[in-house]
Amino acid sequence: MDFYFGLLQIFGVHTLLGLSAYVVLLTGQVSMAQAGFYAIGAYAAGAATAMFGMHIIPAVLLAGLVSAAIACAVGFPALRVKGLMLVVATLAFGEMVRMIFFNLTWQVERDGALVGPNGAEGFRAIRYFPENGWEIWQVTTLIWIFVALVMAALWWMDRTRAGAVLRAVGHDEVAAQSIGLNLTAVKVGAMTAGGFIAGIGGSLYAHTVTHIEHGIFGVLLATFAVAYPILGGLGSVFGTLIAVLFIQGFLVEGLRFMGDWRSLLFGALIVVAMNLRPKGLLGDTPLRLGGLRRKPSSTPALQEAD
Amino acid sequence: MDYFFFIDLLQSLTDGLLFGTTYALIGIGFTLIFGVMRKLNLAYGAASLAGTYIGLLAFLNLGAPPALVFVISALGAGVIGLVVYYCCFRFTPETVPMASLLASVGMLLFIDEVVVHLSHGMPYPYPSVFRDSVIEIGEVWVRGDLLFVFLMCVVAMGVLFWLLHRTPLGLATRAVSQQPRAAQLCGIDSARVNALTFVIAGVLGGVAGAMTAAAVGVLSPIIAMGLTVKGLIVVVIGGLGSIPGAIIGGLLVGAAENIFLLLRGVTERDIYVMLLLFLFLTLRPGGLFGAHAGRD
């Protein structure tokens, strides 16, 4: 049973990671830095609970805010450049965060033992849950409450003006600018929101595994982050969820009998999926509840004048 | 500043500039592909390294001499470049730029995993030439193998310039990169030019990969990520789409890397190189030679 709860926990944190990239992708930007923000959240929350004895929920929110602040700061220089250059900048930022944690040693003494990040060895003993007697189902519930809150918030946002603004920038920057949208503000805002969500995901991840090290937060994780929403489709948050369930549930867990060969499949799956369904599984048009009830209005085809 | 420190600095600078030519080649590869297709091929570094592994295969199984190993590495990378083009760029729609980008990331992971799988993640020795010869210029030593790397990369760049400016294929390539539609109206098959550009870029990447491995002496899958990130930094510094920019950027990154290695040690080296990237993004987002600042 614990195995399935563990699996649910992995689904939860990866959904948060995917949703963090989803927000940024809505504005048409591909950010390879989400693994970096995730790492920042993981280390920040780990430091807050293991080193300074904070409660888990303020620690998670604090980690989210720290990641959001850094995402905002990175967003300004990185978003001065468009599209492809942003990929380069965020890729480099993600690697830089990883290298910084590789070099970071900052330990404090608690209960007679040193705790804190220790360079290449990583950050051990983020043991808030076991120390406070949390059961595995309670931890899983906590993670999924966060996932549900984030998904609901994004779903709601998509139905307000904010969602329309993000999608407008994503579809056509020039048109968006011409109706008076501030491109930089929108993109940096999306980046900040993405950083916040990734920070929450990272902080929950750190507490479920209790030991984090720099190697986890590499390009593979960054690729997972952008692959979930793109494979699932940018139409709604459920695309990301479906992609997470498929990749983590089927590709990683379901095909365990294939051993090491699974890691080959993930790359191949992305290549094949992008050739067959470049807009993702659910497509990129927003899914509306109203649209399910009403029949799709048939737009009359444009007629020639004469 | 005392004298010995100054000599060390000069030594690092020399090594860095010589080795920087491999980064320049990778940067040129990224730039060439961007030039004709306006797309970023993130699988490029991994494909180059995979080509180098093909060369290694010939070395281990057939005992090929170093020169032949280098040639096979370059050609192998060219073939893999073509495979990448057909898998990630040929059939993904133009209207969804994210599709080809993500496909190339998927290819990066795929190639990387194949290499790790086949080599069992172990580093292998790679042939090198002039390992023991050293030229002394005053107090500074120029390593023979690094000088060879430098010369090979310069030759590769020379061949590329001849190809781009003296042959019909080069003319077609430059035409497609300037105005794809006009080039098609002139009867240039842009799909063919794109495919050939991937092959040329692949060969350059193979040379860079072989030379990196020859300079280090061993070949390991970790090199792929370094090639990718450094190559991209070179491109940003030089300006996306500019070949002279990529050359200058490569030398700059090589020199900066070795100086930071001397000053701050091997684990912190890459952090400073990436800070250099952000410095450029903030102050000069178009790069040194970029025609349009922040152009997509």
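Letters A, B, ... mirror the listed sequences (proteins, then strands); counts begin at 1.
In this structure, the portions of B:Val236 lying under 4.5 Å from any heavy atom of chain A include both its backbone and its side chain. Contacts of B:Leu108 with chain A are made by side-chain atoms alone, with heavy-atom separations under 4.5 Å and no backbone atom involved. Both the backbone and the side chain of B:Val114 come within contact range of chain A, judged by heavy atoms closer than 4.5 Å. For A:Leu264, the parts lying under 4.5 angstrom from a heavy atom of chain B are both the backbone and the side chain. Contact of A:Phe266 with chain B is made through the side chain alone, with heavy-atom distances under 4.5 Å. If you measure heavy-atom distances from A:Leu265 to chain B, you find no contacts under 4.5 Å at all. Proximity to chain A (any heavy atom under 4.5 Å) is restricted, for B:Leu277, to the side chain, taken from C-beta onward.
Aromatic ring centroids of A:Tyr43 and A:Phe101 lie under 6.0 Å apart.
By number of non-hydrogen pairs under 4.5 angstrom with chain B, the leading residue of A:Leu269, A:Leu231, A:Val272, A:Ile230 is A:Ile230. For the set B:Arg90, B:Met98, B:His117, the entry with the most heavy-atom pairs within less than 4.5 Å of chain A is B:His117. When B:Val235, B:Leu275, B:Leu232 are compared by the number of non-hydrogen pairs under 4.5 Å with chain A, B:Leu232 comes out ahead. Interface check for chain A: of the options B:Val229, B:Thr228, B:Leu101, B:Ile233, the most heavy-atom pairs under 4.5 Å are formed by B:Leu101. Highest contact tally toward chain B, considering only A:Ile100, A:Leu91, A:Asn103, is held by A:Asn103 [criterion: heavy-atom pairs under 4.5 Å].
Ring orientation note: the planes of A:Tyr228 and A:His14 are nearly perpendicular, at an angle over 60° on the 30°/60° scale. Relative ring orientation between B:Phe19 and B:Tyr23 is described as perpendicular, the plane-to-plane angle rising above 60° on a 0-90° scale split at 30° and 60°. The aromatic rings of B:Phe30 and B:Tyr44 sit perpendicular, their planes meeting at an angle over 60°, well past the 30° parallel limit. Between A:Phe102 and A:His214, the angle of the ring planes lies from 30° to 60°, which puts this pair in the tilted group.
Inter-residue side-chain proximity for B:Val176 and B:Thr197 is flagged as unmet; no heavy-atom pair is nearer than 4.5 Å. With a 4.5 Å cut-off on side-chain heavy atoms, A:Met274 and B:Met107 do not count as touching. Using a 4.5 Å heavy-atom cutoff, the side chains of A:Val226 and B:Val105 are not in contact.
Annotation for A:Lys279: atom NZ does not count as buried by contact number, only 12 or fewer foreign heavy atoms lying within 6.0 Å. At most 12 heavy atoms of other shown residues, nucleotides or ligands fall within 6.0 angstrom of atom CD1 in B:Ile222.
The interface of residues 251-268 of chain B with chain A, defined by heavy-atom distances below 4.5 Å, comprises B:Thr267, B:Glu268.
The pair B:Lys230-A:Glu95 does not count as a salt bridge, with every side-chain nitrogen at least 4.0 angstrom from each carboxylate oxygen.
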